[in-house]
Amino acid sequence: MPDQKIAVVTGGSRGLGRASAMHLAAEGVDVILTYRRGRTEADAVCAAIAQLGGTAVALPLDTGDLAGFDGFAEQLRRVLADRWGRESFDYLVNNAGTSVTAPFAETTEKDFDELLNVHFKGVFFLTQTLLPVLADAGAIVNVSTGLTRFVGPGQAAYASMKGAIEVLTRYQAQELGKRGIRVNTIAPGPIGTDFAGGVMRDNEQVRAALAGQAALGRVGEPDDVGRAITALLSGQNSWVTAQRLEVSGGTRL
């Protein structure tokens, strides 16, 4: 199936990753999604994509454990060959994440290293590992956060890692452009997911306060980001690279 587009979405079993996988599938893109612990949830996403007429495969991956990247790449190659008869995939969504909320003065080295490994070091070296498997003229979306532009309590370390991702995106775009690979950043504002304990999804008082800070007057939902990621990967945006797209409903303008 040489014309069938295939996306790898890290952390695709829930939240923004799930929404991205589903919207990609709705546009006819097959998906290989990764999960760390949520195998049941990952299988449910694959089943939902199958109901749309697409193909999806779930693979385990801890994006904070660099020692596992070579093994993941080999497993990915086998799946591509077995399911699609291909040696490459087209799109990479670096979405997998974890949350640590603590004031700057109280952030521990353990907290810092956990965020570093998942949100920056892991993205850097997983993408590097997968470059031989990523097709020329493909595309990468790195997930950042609106918190690189505006400040939120307890997010100094998390937002710093995402700021590094935004710089990395521009360097990747420059260096990978010779292969026709586009690289962009998506920066979500407050989104109602289970991230950070689900406070922006479940706490109505918090949701009301955040909605009051957005020009569009509401908290974002995973589908808002999933649609934007799908659009950035689309061939209709083939002249867009090295850009940061904030999906925040106009938060704190």
For Arg18, which of Val9, Asn95, Val45 qualifies under side chain to side chain contact (heavy atoms under 4.5 Å, CB included)?
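Exactly one candidate clears the test, Val45.
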Strictly by modelled atom types, are [X] and [Y] linked by a side-chain donor-acceptor pair under 3.5 Å?
| X | Y | result |
| --- | --- | --- |
| Thr185 | Glu166 | no |
| Thr148 | Arg244 | yes |
| Asn142 | Gln172 | yes |

Counting N and O atoms only, with roles assigned by atom type, does the side chain of Gln243 sit under 3.5 Å from a partner on the main chain of Thr241, one being a donor and the other an acceptor?
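At least one qualifying donor-acceptor pair exists.
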Closest approach of [X] and [Y], non-hydrogen atoms and distance?
| X | Y | result |
| --- | --- | --- |
| Pro60 | Phe72 | O-CD1, 3.9 Å |
| Ser248 | Arg149 | OG-NH2, 4.3 Å |
| Leu130 | Ala73 | CD2-CB, 4.1 Å |
| Glu175 | Lys178 | O-CE, 3.3 Å |
| Ala42 | Ala58 | CB-CB, 3.8 Å |

Do other residues, nucleotides or ligands put more than 12 heavy atoms under 6.0 Å from the [atom1] atom of [X]?
| X | atom1 | value |
| --- | --- | --- |
| Phe112 | CZ | no |
| Glu74 | CD | yes |
| Glu87 | CD | no |

Restricting to pairs with a member in residues 48-66, which pass side chain to side chain donor-acceptor pair (under 3.5 Å), not counting sequence neighbours?
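Those involving residues 48-66 do not exist here.
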Any non-hydrogen side-chain atom of [X] less than 4.5 Å from a side-chain atom of [Y]?
| X | Y | result |
| --- | --- | --- |
| Ile191 | Val219 | no |
| Val123 | Thr10 | no |
| Leu232 | Ser234 | no |
| Val143 | Ile165 | no |
| Val141 | Asn94 | no |

For the [atom1] atom of [X] and the [atom2] atom of [Y], what is their distance to the nearest 0.5 Å?
| X | Y | atom1 | atom2 | value |
| --- | --- | --- | --- | --- |
| Met161 | Glu114 | CE | CD | 10.5 Å |
| Ser20 | Ile186 | OG | CD1 | 8.5 Å |
| Leu134 | Tyr91 | CG | OH | 10.5 Å |
| Leu176 | Tyr171 | CG | OH | 14.0 Å |

Salt-bridge contact Asp82-Arg86 (side-chain N to carboxylate O under 4.0 Å):
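No salt bridge links Asp82 with Arg86.
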Please report the C-alpha distance between Asn184 and Leu245 in whole Å, then the side-chain angles of each, then the deciding distance to 0.1 Å, and finally whether the side chain to side chain contact (heavy atoms under 4.5 Å, CB included) criterion is met.
CA-CA 8 Å; Asn184 292 290; Leu245 174 63; over 6 Å; no
